[in-house]
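We name chains A, B, ... by the order of the sequence lines, and we start the count at 1 in each one.
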Protein chains: 4
Amino acid sequence: MKIAFIGLGNMGGPMALNLHRAKHTVNSFDVSETAVTRWRNEGLKIAGSAAESVFGAEVVITMLPASQHVDQLFFGGGAAVGLLDSIDAGALVIDCSTIASSTSKKLSEAAAKRNIAVLDAPVSGGTTGAVAATLTFMVGGAVQDLERARPLLEHMGKNIFHAGAAGAGQTAKICNNMLLAILMIGTSEALALGVANGLDPVVLSEIMKRSSGGNWALEKYNPMPGVLDNTPASRAYQGGFGTDLMVKDLSLAQDNATGNHVGTPLGGLARSLYAAHSLNGAGALDFSSIFKMFHK
Amino acid sequence: MKIAFIGLGNMGGPMALNLHRAKHTVNSFDVSETAVTRWRNEGLKIAGSAAESVFGAEVVITMLPASQHVDQLFFGGGAAVGLLDSIDAGALVIDCSTIASSTSKKLSEAAAKRNIAVLDAPVSGGTTGAVAATLTFMVGGAVQDLERARPLLEHMGKNIFHAGAAGAGQTAKICNNMLLAILMIGTSEALALGVANGLDPVVLSEIMKRSSGGNWALEKYNPMPGVLDNTPASRAYQGGFGTDLMVKDLSLAQDNATGNHVGTPLGGLARSLYAAHSLNGAGALDFSSIFKMFHK
Amino acid sequence: MKIAFIGLGNMGGPMALNLHRAKHTVNSFDVSETAVTRWRNEGLKIAGSAAESVFGAEVVITMLPASQHVDQLFFGGGAAVGLLDSIDAGALVIDCSTIASSTSKKLSEAAAKRNIAVLDAPVSGGTTGAVAATLTFMVGGAVQDLERARPLLEHMGKNIFHAGAAGAGQTAKICNNMLLAILMIGTSEALALGVANGLDPVVLSEIMKRSSGGNWALEKYNPMPGVLDNTPASRAYQGGFGTDLMVKDLSLAQDNATGNHVGTPLGGLARSLYAAHSLNGAGALDFSSIFKMFHK
Amino acid sequence: MKIAFIGLGNMGGPMALNLHRAKHTVNSFDVSETAVTRWRNEGLKIAGSAAESVFGAEVVITMLPASQHVDQLFFGGGAAVGLLDSIDAGALVIDCSTIASSTSKKLSEAAAKRNIAVLDAPVSGGTTGAVAATLTFMVGGAVQDLERARPLLEHMGKNIFHAGAAGAGQTAKICNNMLLAILMIGTSEALALGVANGLDPVVLSEIMKRSSGGNWALEKYNPMPGVLDNTPASRAYQGGFGTDLMVKDLSLAQDNATGNHVGTPLGGLARSLYAAHSLNGAGALDFSSIFKMFHK
């Protein structure tokens, strides 16, 4: 398949490479010279511009930092022409960026008028998952478009969920990540409380795991150093999913919640606690380092 | 074995009956005439007083509402003599009440001076678990005392966890239940946010369950009506674990947290939200009804 | 002065009338037929369109519900032409709507290119203040533009604050109102706690007022019925500043906070509590009715 | 008057000295040798024991760190005899400690049986106020007992409030200080949000002070360095009212709130934020340093 891949960051680069290695024709682009050099050296073909990359492409995949970048890329603004004007009718756009669901919907609607299909397909799994092709995709858009995309997504990831119509992939991701942040903080509080009472955190973790306190953060990603091997907590919170990325997802969740008049006391508080944690210097540490707010 | 069982409420009654049916000699007592009549009719032998019930007992089991009842029973106060003076040296006390871990420790220390062993063994599983003998016990105390108790506990429950020394059973329970409340509210927020965006709650629940949002409340006790069968949510929040019981456990957790100087932003907020929910008339509904605070 | 006044709602109508009564030439407009009829009957001159109302106007005043309305009015969209194209160079726009400061800044910048000055001048004081010309204006924009506007603002209000450059009026308002919501909830909690302990709320209010708990909500707008006369609390929370309006302002504050990466644990929680209060049926009650969440 | 004064810490010492300088006969005591030496050097007469200090005293004043110290002093425990047995019938006890209102009530009731009157009279104003005799007293107990105490209190403080019956002084203090913590955090959030938007904090403070955001923390104790002179914020948060003291008062408030089933979402969150702030190393800084959680 002829694929354009725009956005060769720490996530996009490995994803494009996995498609390239699966023998697809990948024409890629990034505005950063550093990124371009790095991935050209890895074997990716680099186009001279975003518009050039999509020339003749059946599928256009984008992986950009935030809503405004997606908006600017596809719709243009100022002197820039929007990429939608360069993509062939009949093509499929798969936007893997984590952005506002309202931006995803707007893109989908504008593209539909040009007979271009769009999926919002934000991922989880981090850079490790991007390299190992074990990402999780949460996909919004039409079922038949997801089926067109599936063979490609399977070269980049392992779990592919259809969340609903346009924008639903974004919504599913922020709901999940908001809940994840709550699980992580709540688990940290419970462990800190137990340890302050003299309990062994390994024993307490095992009890809660087998009781009604069981959750992903406790079982797979325990925030207390030493409870589990191979977690960021057990390597000084290096690697993993950074605090600042969690702040970004929690902010998207809150923007959505205010717009939809949904009360989210724990989700909103999670955002503020992570913002304070970042301000305190932990922005680059794994998000499980929030445990340090409760135990030293 | 000769067992005294004090406290024949909705939990204690069925627990005592299960021991009776297992051919143990159970001498039981409750201050409530109604309770006494009910369980006598079920076949339990009823003593004339708490002191009389423990006469010659090898094991004394108690199931009382709150710290002050346990304190008053064992230590007396005013004109009343404490039960510790009536229990035989060498006997084992198993206190199944959910109370402050400080009270459990105090009881354990005072009893040790009389050569009476004490386990704190609060339960989860509700009245259904008490009747079906499927309770979970979280036990604090010495290992050898737990081994003495185990055959009896196995007539009343299924999972038996040793949490640590005296008081650790109480601590494990409040840590777990504080975390459970956070899971329930967080799951409710995430589902309400998804649904407000048009997502199907069954689809969203499935996605989060298989992602990093997975947790007991989402998977086993989903708070949105219609997502799972056989949950309180799907029968108008009747039955299950009442809001007011959750308020009690969250209050114990907060009392412990303030005493130990542990910050618990989500746990403290959970207490206040459940208190508001109770004030609003939901005290007797299952605790998953907190979902109604976020979605109507 | 020749003034265009666009937006004749419960706030805008009385404001326009006050300018009219001060002998200014006011050409007004609203998209609602009901509003137009009402204010024509009160003596206002009504233009056939927004564009017509600004014809020849030296000052254009707008009072609209939300950011999207201001954006749509001035910039157009779809088939509609933006009002900026119809306003005379040299004119002054005073936007009294409470909207995102980013929208205010965008308007100010676009207008400056056409040599049109813009002030953002959101108000507080409610419909009572609009009628009585006792509103408070928080103004963003250039000092000299505020001086041009001042004589007009003084016909509509009493306190006029210059908060800073474009958008600063909006920011000042959401900071103030976020703080106000926190004062109101915090005061409600303190009073409920005191009363639950048997204290007289009048005595407790007086003590806190004269101590370090003193604040506007406690002193001027006490949320407990019976403590102060002439407050919404003392008339079943009728009138005043509605819960849903507070939700709107708190949502603007949160959107701003997420965009600027500022942690606001109490402000974010205030939004969620007011959202829950509204969902529970209190949207039209005065915002001091949040007291009922803590005391029945 | 013959006065016993027990508890010569940073607060109690200067208070006792002010009574001594007012020509009362003060017989004082403290368990700390350091404290005893210090205040003997300042001129205070020191008794050999607490029991000795109250011999023949008409008024007994106590200023102790926490509930357990008051309980232990008056009721004894272990080998120790309670001080109540040594105080003359007809005497008046004024307990200036900040403790649980339940302990104050228990003391008052036990003392009444011995015809000893008790006032709970916790103070605010800090060590500066203790030295300058400008403390605020919040008093619980009978009116006639307060009138007996008033001449003495006036040698130590400036504002004397009668909050209600026994324990009401304690309740009033924790209600006030819980509200104060909320004012401080809320004010910090509002200022941080404004400053992040480019506003001048002096201007924003002035606007909110004259609007509905006005409160004691903003106006008298502004947490942003440079806004007000002579605040702890303007001397690197040195002096003032320490974070750890605020944690203590917020913990008392939460213990009371859980016991009385009162929801306190902002008050509970304030406790957890201050606990995190203390854990982060700010325990000895003034409590307005919480501002650093929101702005660096």
Side-chain angles (χ1 to χ4, degrees), chain C residues 101 124 136 138 159 161-165 167-168 171-172 174-180 182-183 185-187 189-194 196-200 203-204 206-208 210-218 220-221 253 256-257 260-267 269-270 273 293-295, chain D residues 101 124 136 138 159 161-165 167-168 171-172 174-180 182-183 185-187 189-194 196-200 203-204 206-208 210-218 220-221 253 256-257 260-267 269-270 273 293-295:
Chain C
S101 62
S124 64
T136 293
M138 301 186 184
N159 293 306
F161 298 118
H162 186 228
T171 300
I174 59 165
C175 288
N176 184 77
N177 281 16
M178 182 179 84
L179 184 49
L180 170 59
I182 293 168
L183 302 183
I185 301 174
T187 298
E189 293 181 16
L191 290 172
L193 184 58
N197 280 271
L199 267 66
D200 179 332
V203 170
L204 178 57
E206 183 64 21
I207 292 175
M208 297 196 295
R210 295 170 61 189
S211 305
S212 50
N215 72 82
W216 189 89
L218 175 75
K220 309 287 188 187
Y221 212 92
N256 188 310
N260 282 295
H261 308 290
V262 177
T264 52
L266 301 195
L269 184 48
L273 294 177
M293 194 178 269
F294 309 109
H295 182 82
Chain D
S101 62
S124 64
T136 294
M138 301 185 184
N159 294 306
F161 298 117
H162 186 230
T171 301
I174 59 166
C175 288
N176 184 78
N177 280 18
M178 182 178 85
L179 184 49
L180 169 59
I182 293 168
L183 302 183
I185 300 173
T187 297
E189 293 180 17
L191 289 172
L193 184 59
N197 280 271
L199 268 66
D200 179 331
V203 171
L204 178 58
E206 182 66 20
I207 292 175
M208 295 194 297
R210 295 171 62 189
S211 306
S212 49
N215 70 82
W216 190 90
L218 174 76
K220 309 287 189 188
Y221 213 93
N256 188 307
N260 283 294
H261 308 290
V262 178
T264 52
L266 300 194
L269 184 48
L273 295 175
M293 195 177 269
F294 309 109
H295 183 83

Engaged part of C:N176 at the chain D interface, taking heavy atoms whose separation is under 4.5 Å: both

Residue from D:G213, D:S212, D:A196 scoring the most non-hydrogen pairs under 4.5 Å with chain C is D:S212

Quick one: ring-ring contact (aromatic ring centres under 6.0 Å, His included) partners of D:Y221, sequence neighbours excluded? D:W216, D:F287

Pick one of side chain, backbone, both or neither for D:H295, based on which atoms fall under 4.5 Å of a heavy atom in chain C. neither

For the candidates D:G263, D:A270, D:G167, which exhibits the highest count of non-hydrogen atom pairs separated by less than 4.5 Å from chain C? D:G263

Looking only at non-hydrogen atoms, find the nearest pair between C:L179 and D:M208 and report the distance. CD2-SD, 4.0 Å

If I compare all heavy atoms of D:P265 with all of C:L273, which pair ends up nearest, and what's the gap? CG-CD1, 3.7 Å

I'd like to know whether D:L266 forms a side chain to side chain contact (heavy atoms under 4.5 Å, CB included) with C:I182, so could you lay out the CA-CA distance, the side-chain angles of the two residues, the decisive distance to 0.1 Å, and finally the verdict. CA-CA 8 Å; D:L266 300 194; C:I182 293 168; 4.1 Å; yes

Taken to the nearest 0.5 Å, the spacing of C:T171 OG1 from D:L193 CG works out to 7.0 Å

So which of D:I185, D:I207, D:V262 has the biggest tally of heavy-atom pairs under 4.5 Å with chain C? D:I207

For chain D, which of C:S211, C:G267, C:A163 has the most heavy-atom pairs under 4.5 Å? C:S211

Who among C:N197, C:L180, C:N260 has the most heavy-atom pairs with chain D under 4.5 Å? C:N197

Quick check on the interface: out of C:L191, C:L204, C:L183, who has the most heavy-atom pairs with chain D under 4.5 Å? C:L183

So, for C:C175 and D:A190, which heavy atoms are closest and what is the spacing to 0.1 Å? SG-O, 3.4 Å

Counting heavy-atom pairs under 4.5 Å with chain C, which one of D:M293, D:K220, D:R210, D:H261 comes out on top? D:R210

Could you tell me which portion of D:S101 (side chain, backbone, both or neither) has an atom closer than 4.5 angstrom to a non-hydrogen atom of chain C? side chain

Given C:N215, which of D:T187, D:L218, D:N215 fulfils the side-chain contact (heavy atoms from CB on, under 4.5 Å) condition? D:N215

